[in-house]
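Computed from a prediction, not measured in an experiment: that's the story for all the values here.
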Amino acid sequence: MVTMSDVARLAGVSKMTVSNVVNNRPGVSDPVRRRVLEAVQQSGYRLNVNARTLKAGRTGVIGLAVPGVDQPYFGVLGEHVIAAAAAKGFHVAIEQTGAAAEGEAEAISQSHRLQFDGLIISAVILDPREQAQTWSDFPIVMLGERDYGQTIDHVGMNNEAGSRAATEHLIERGCTRIANVTGWSLEGVHVGSRRYHGYTEALKAAGIPVDPALVCLSGMGQETGRRAVHDLHEAGVDFDGVVAITDSVAIGVMRGLADLGMRCPEDVRVVGFDDISVCEFLTPSLSTVAPGHRWMAEKAVELIASRLEDPTRPPEDHTAPFELKIRESTR
């Protein structure tokens, strides 16, 4: 087995220098770093992660658990978490929970068993306060819309304010019959109920009655958005604007409008939520609420790192800033 001493001899440096390079520590000049890395590659040396873990008590890996890797929003979030983690010297292992309590609980347990340095989890069902005994002081940051009462580190987005801003934007554009194409339910505290609340706040503030016929419980995918438009049309419900729960749903809404020969934005203006990358390349490009992906990712990684440094610090709760991106679908 090739040792660190072998690499040091091959590179003509000290063993400490090799250690500094392979552990990505500062204080090594670029020429020396390149020489050591070439020696590592030439010799086939592999860092003994288990030994480093036993010595430092850390693996340099944090987990990211999300409901589904096929959802564009979580792809954007994952990209930013990986970048933020790399800036602090962490690698990221991604796990899919299926938006199920069992999957979320298993993600926490598995991250603990694998000795990850922490876990960032977007939980839909699980309340981590009920699982505290299974992970003890293991660093966890919750993402999402639920209120944990500052009992655990939490980073969320401003769903109510973002949805309210989107609805207000349509009202300013002259829309008076605004549909809300949302998730499966308005019961409880989750993304659908919070964004619906922002939608109704904006209508009430403008003196526009909340019409139940304009509220479509659909789902979270493109086909559900398309189906919602067809359902509104078949029910004879007039509408001139749509606030969609996500960009994926908004894309389905625009497809549904096209199916029926309705023009966007001339006949119906549409706003989404999430600002996934495809939004600005659609025809028309999609107006949307950008919820601060990078800010959330950086804050979540920062909370993991600070929890590792000070396990006794009080839990923190943070809400990301948002921006309304106005594009062709509402102009």
Side-chain angles (χ1 to χ4, degrees), residues 63-85 92 94-100 103-104 107 119-126 141-146 154-163 165-166 180-185 189-196 198-199 218-226 228 242-255 270-282 285-301 318-325 327 329:
L64 173 63
V66 298
V69 295
D70 60 333
Q71 298 178 36
Y73 164 76
F74 291 113
V76 174
L77 177 67
E79 178 183 10
H80 288 300
V81 168
I82 290 170
V92 178
I94 298 178
E95 188 156 352
Q96 181 171 268
T97 66
E104 292 169 359
L119 174 68
I120 300 169
I121 178 170
S122 179
V124 177
I125 305 297
L126 187 69
V141 174
M142 302 298 297
L143 303 178
E145 293 70 39
R146 297 174 65 183
H154 174 243
V155 178
M157 63 179 71
N158 206 332
N159 290 284
E160 288 95 336
S163 184
N180 184 222
V181 183
T182 186
W184 298 277
S185 169
V189 179
H190 50 80
V191 60
S193 62
R194 287 190 179 275
R195 293 180 187 175
Y196 171 75
Y199 158 79
S218 58
M220 303 290 276
Q222 295 175 11
E223 180 55 35
T224 58
R226 178 181 188 172
V242 174
V243 175
I245 186 172
T246 67
D247 289 339
S248 292
V249 172
I251 291 169
V253 165
M254 291 198 294
R255 179 66 258 176
V270 180
V271 184
F273 202 119
D274 287 339
D275 195 29
I276 59 177
S277 59
V278 71
C279 289
E280 59 181 315
F281 296 101
L282 298 170
S285 56
L286 178 62
S287 295
T288 183
V289 177
H293 301 109
R294 178 177 285 107
W295 191 97
M296 286 189 289
E298 291 176 350
K299 180 60 68 175
V301 172
H318 298 273
T319 302
F322 71 89
E323 179 185 359
L324 181 62
K325 298 285 187 71
R327 300 191 178 108
S329 68

Participant: Quick one: does any side-chain atom of Thr288 pair with a main-chain N or O of Lys325 as donor and acceptor, under 3.5 Å?
Facilitator: no
Participant: How long is the straight-line distance from CG of Leu119 back to CD of Glu104, given to the nearest 0.5 Å?
Facilitator: 10.5 Å
Participant: Can you tell me if Thr97 uses its side chain to pair, donor with acceptor, with the backbone of Gly103 under 3.5 Å?
Facilitator: no
Participant: First locate atom CG of Leu286, then atom SG of Cys279, and finally report the distance between them rounded to the nearest 0.5 Å.
Facilitator: 4.5 Å
Participant: So Gln96 and Phe74, do their side chains get closer than 4.5 Å, heavy atoms only?
Facilitator: no
Participant: Checking Asp247 side chain against Ile276 main chain: does a donor-acceptor pair fall under 3.5 Å?
Facilitator: yes
Participant: Using 30° and 60° as the class limits, which term best fits the ring planes of His293 and Tyr73: parallel, tilted or perpendicular?
Facilitator: tilted
Participant: In Å, rounded to the nearest 0.5 Å, how long is the span from NE2 of His318 to CD of Glu298?
Facilitator: 13.0 Å
Participant: When rounded to the nearest 0.5 angstrom, what distance separates CE in Met296 from CG in Leu77?
Facilitator: 6.0 Å
Participant: I need the minimum non-hydrogen distance between Ala320 and Gly292, along with the two atoms involved.
Facilitator: CB-O, 4.2 Å
Participant: Minimum heavy-atom separation for Leu143 and Ala300, please, with both atom names.
Facilitator: CD2-CB, 4.3 Å
Participant: Taking all non-hydrogen atoms of both residues, which atom of Val181 and which atom of Gly225 are closest, and how far apart?
Facilitator: CG1-CA, 4.4 Å
Participant: State, to 0.1 Å, how close Gly78 and Leu64 come at their nearest heavy-atom pair, and which atoms those are.
Facilitator: CA-CD2, 3.7 Å
Participant: Find the distance between OG (Ser248) and CD (Gln222) and round it off to the nearest 0.5 Å.
Facilitator: 5.5 Å
Participant: Contact between Ser163 and Tyr196 at the side-chain level, heavy atoms closer than 4.5 Å - yes or no?
Facilitator: no
Participant: On a heavy-atom basis, which atom in Ile251 and which in Leu282 lie closest, and how many Å separate them?
Facilitator: CG1-CD1, 3.7 Å
Participant: Could you tell me if the side chain of Ile82 sits less than 4.5 Å from the side chain of Ile94, heavy atoms only?
Facilitator: yes
Participant: Can you find a pair of side-chain heavy atoms, one from Val191 and one from Met220, that are under 4.5 Å apart?
Facilitator: yes
Participant: For the atom pair CE (Met142) and NE2 (His154), what is the distance rounded to the nearest 0.5 Å?
Facilitator: 7.5 Å
Participant: Using a 4.5 Å cut-off on heavy atoms from C-beta on, say whether the side chain of Arg195 contacts that of Met157.
Facilitator: yes
Participant: If you take all heavy atoms of Ile245 and Gly183, which pair is closest and at what distance?
Facilitator: CD1-N, 3.5 Å
Participant: Do side-chain atoms of Thr246 reach the backbone of Phe273 as a donor and acceptor pair under 3.5 angstrom?
Facilitator: no
Participant: Apply the side-chain contact (heavy atoms from CB on, under 4.5 Å) test between Lys299 and each candidate in Val141, Thr319, Val155; give the one that qualifies.
Facilitator: Val155
